[in-house]
Amino acid sequence: MKKYLIPLSVAALLSAVQPLMAQQPHAGCGTPHPKQVLQFAATENLSANPYVVQIFVHILRNDDGTNAAMDDATLRTNLDRMAAFYRPHNICFTFVGRDFIDNTEWNTNYVTADIGDLHAVNPHSDAIDIYVHANGFEGSGGNAYDIPSSKCSVAATASFNFEHEVGHCLGLLHTFETFMGAECPDGSGCGSDGDFVCDTPADFAGSQNMSSGCTYTGSQTINCNGSDQAYNPPTNNIMSYWAGCYAQFSAGQGTRMRNTIDATGFLQDRLTPDDRIITNTTLTGEIAVGAQNSIQIGNIAAAGDVAMNGNAHGMFNAGQFIQLVPGTGITPTGANSVLLTINRMCDGLFLTSEFPTADRNRINQDGITALQVSPNPFISNLQVQISLVNPGPATLMLFDLTGKLVQETSIQVNANDHTEQLELPHLDPGIYFLRLRHASGSASARLVKL
Ligand SMILES: [Zn+2]
C-alpha cells in the first residue's frame with residue numbers, strides 16, 4: 001500500500017554550488033548537492049513493514065562485449081554487502097535483474113553528462129537503475145545525479161560505492177555536507193544544517209586525509225556559538241569519505257531514508273508491492289518478481305492462462321506465500337529454471353546467489369504438477385495430494401505465518417499421483433504454508449487450521 005508523506009519543509013537551493021571533488025580517488029563521489037532538501041519532523045509515523053526497494057543493475061562493457069565492468073560473482077558480493085548495511089534499518093532490496101550495455105566510451109571514459117543517453121538504453125520505472133562502469137570517471141568513483149534519485153553510477157574500481165550511492169538515491173547527504181550551513185560538533189544545527197541528520201557527528205570535507213587507519217588524527221575546529229569546537233568525524237559512516245572504514249548507517253540516517261521514500265513519489269514507485277498476480281501472460285526470457293506478501297501465478301477465474309516456456313528464467317520471492325493455481329504451465333528447458341522462494345524479502349538480498357544461473361528450488365519439465373490439500377480449512381487431519389512427473393523421495397515442510405518451520409516430514413512418493421496423510425492436532429489455529437520439496441522443484445499451498 002502506498003502512502004505519501006508530506007515533508008515538513010522543502011529547502012530550495014538558491015544558488016548553484018559546485019559538487020565537492022573527491023578527496024580519495026577510490027572513494028570519491030560526484031553526487032551534486034540536491035536540488036532541494038527534504039526535512040522531516042523527528043517523529044514520523046513510519047511503516048513497520050520493510051521498505052523493499054527494487055534495483056536493476058546495468059553492467060557496462062566495451063563495444064565488442066568484452067571488458068565487463070563487473071562479473072556476477074563480484075556483483076553479488078557488492079549487493080550482499082549493501083543489503084547487510086540497510087537491513088538493520090528495515091530497508092531491503094529486490095534484485096529485479098541485470099543487463100549489459102556495450103559502449104566502450106561509457107565503460108572506460110564516462111562523463112556524467114551522458115547520463116541522459118545512458119539512462120535511455122533500458123530504464124526502469126519500477127526499480128533504481130544502477131550502472132557499473134569499469135573505471136572511475138571525472139575524478140570520482142560514483143554519482144547519484146541528485147538526492148534523492150532513481151539512478152546512480154558506480155565505478156567497479158570503487159567497490160564500496162553501491163551502498164554509498166544508493167544512500168544518496170534514498171535521500172542521504174554526505175556527513176561533511178555544508179551547502180545549507182555547517183553543523184556544529186556540539187550538535188547544534190544538526191536538523192537544518194550539514195546532513196540534516198542529528199546522530200551523525202559533524203564532519204568536514206577532507207577529514208579522511210587526517211587519519212591513522214580508521215582513526216581521525218586531525219585537530220580541525222570550527223567556530224560555533226562563540227567558541228572553537230573540535231571535530232570528531234564519523235569515520236565508519238557510509239556517507240562519509242572514509243571509504244575503507246565503512247561500517248554503518250546511523251539510526252537517524254535510516255529514519256531519513258524511510259521518510260524520504262514515504263515522501264517521494266518516484267521512490268514509492270520503486271517499492272516492491274504488497275501482492276502480485278501474474279496472469280494472462282506467456283513468460284519468456286528473464287523475469288524476477290518480488291512481493292511483500294503474496295504472489296499468485298495464474299488466475300483462478302481463468303485457469304490455464306500463464307505459461308513459462310523454453311528460455312523462461314523466472315524468479316519469484318514472496319514474504320508469505322506463492323500460489324500456483326491450476327493451469328499454470330512451467331516448462332523451461334535446458335539450464336533455465338523457475339525459482340520460488342518465500343520469506344526472504346529481508347532475510348537476504350533477493351536472488352543474490354540464484355541469478356542468473358540457478359539450481360535451487362528449480363521447477364523444470366520433470367517437476368511437480370500438482371500439490372493439493374483437503375479439507376482446507378482443516379481441524380486436525382490433512383490429506384495432501386501430490387503429482388510428480390518423476391516419483392521419488394520428497395519433503396513436506398510446514399511453515400507458520402512468520403516463516404518459522406513448524407514441522408518437516410520426509411516422504412516417499414512411489415507413484416505419479418500420491419496421497420499423504422498429515423495429522424496435525426497439535427497445531428495452533430491459524431494460517432500455515434505447506435511446501436513440498438522434491439529433487440525437481442518445490443510447490444506450496446496455503447492452509448487454514450481451525
Ligand atoms: Zn556521495
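Basis for what follows: all heavy atoms, side chains included, without hydrogens, waters or symmetry-related copies. The structure displayed is predicted, hence computed values, not measured ones. Counting begins at 1 with the first residue of the sequence. Both ligands and their constituent atoms are indexed starting at 1 by order of listing.
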Practice task
Carefully, step by step, assess H168 and S149 under the rule side chain to side chain donor-acceptor pair (under 3.5 Å).
Solution key: CA-CA 7 Å; H168 287 313; S149 178; over 6 Å; no
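- No hydrogens or angles considered: a donor-acceptor pair under 3.5 Å links the side chains of T31 and E165.
- H119 has its ring centre no less than 6.0 Å from the ring centre of H58.
- N225 and S188 share a donor-acceptor pair across their side chains, judged by distance under 3.5 Å alone.
- With sequence neighbours left out, the salt bridge (charged side-chain N to carboxylate O under 4.0 Å, His left out) criterion links D193 to no other residue.
- Within the protein, the N, O or S atoms lying under 2.8 Å from the Zn ion (ligand 1) are C29 SG, H164 NE2, H168 NE2, H174 NE2.
- C190-C184 SG separation is not under 2.5 Å; the pair is not scored as a disulfide.
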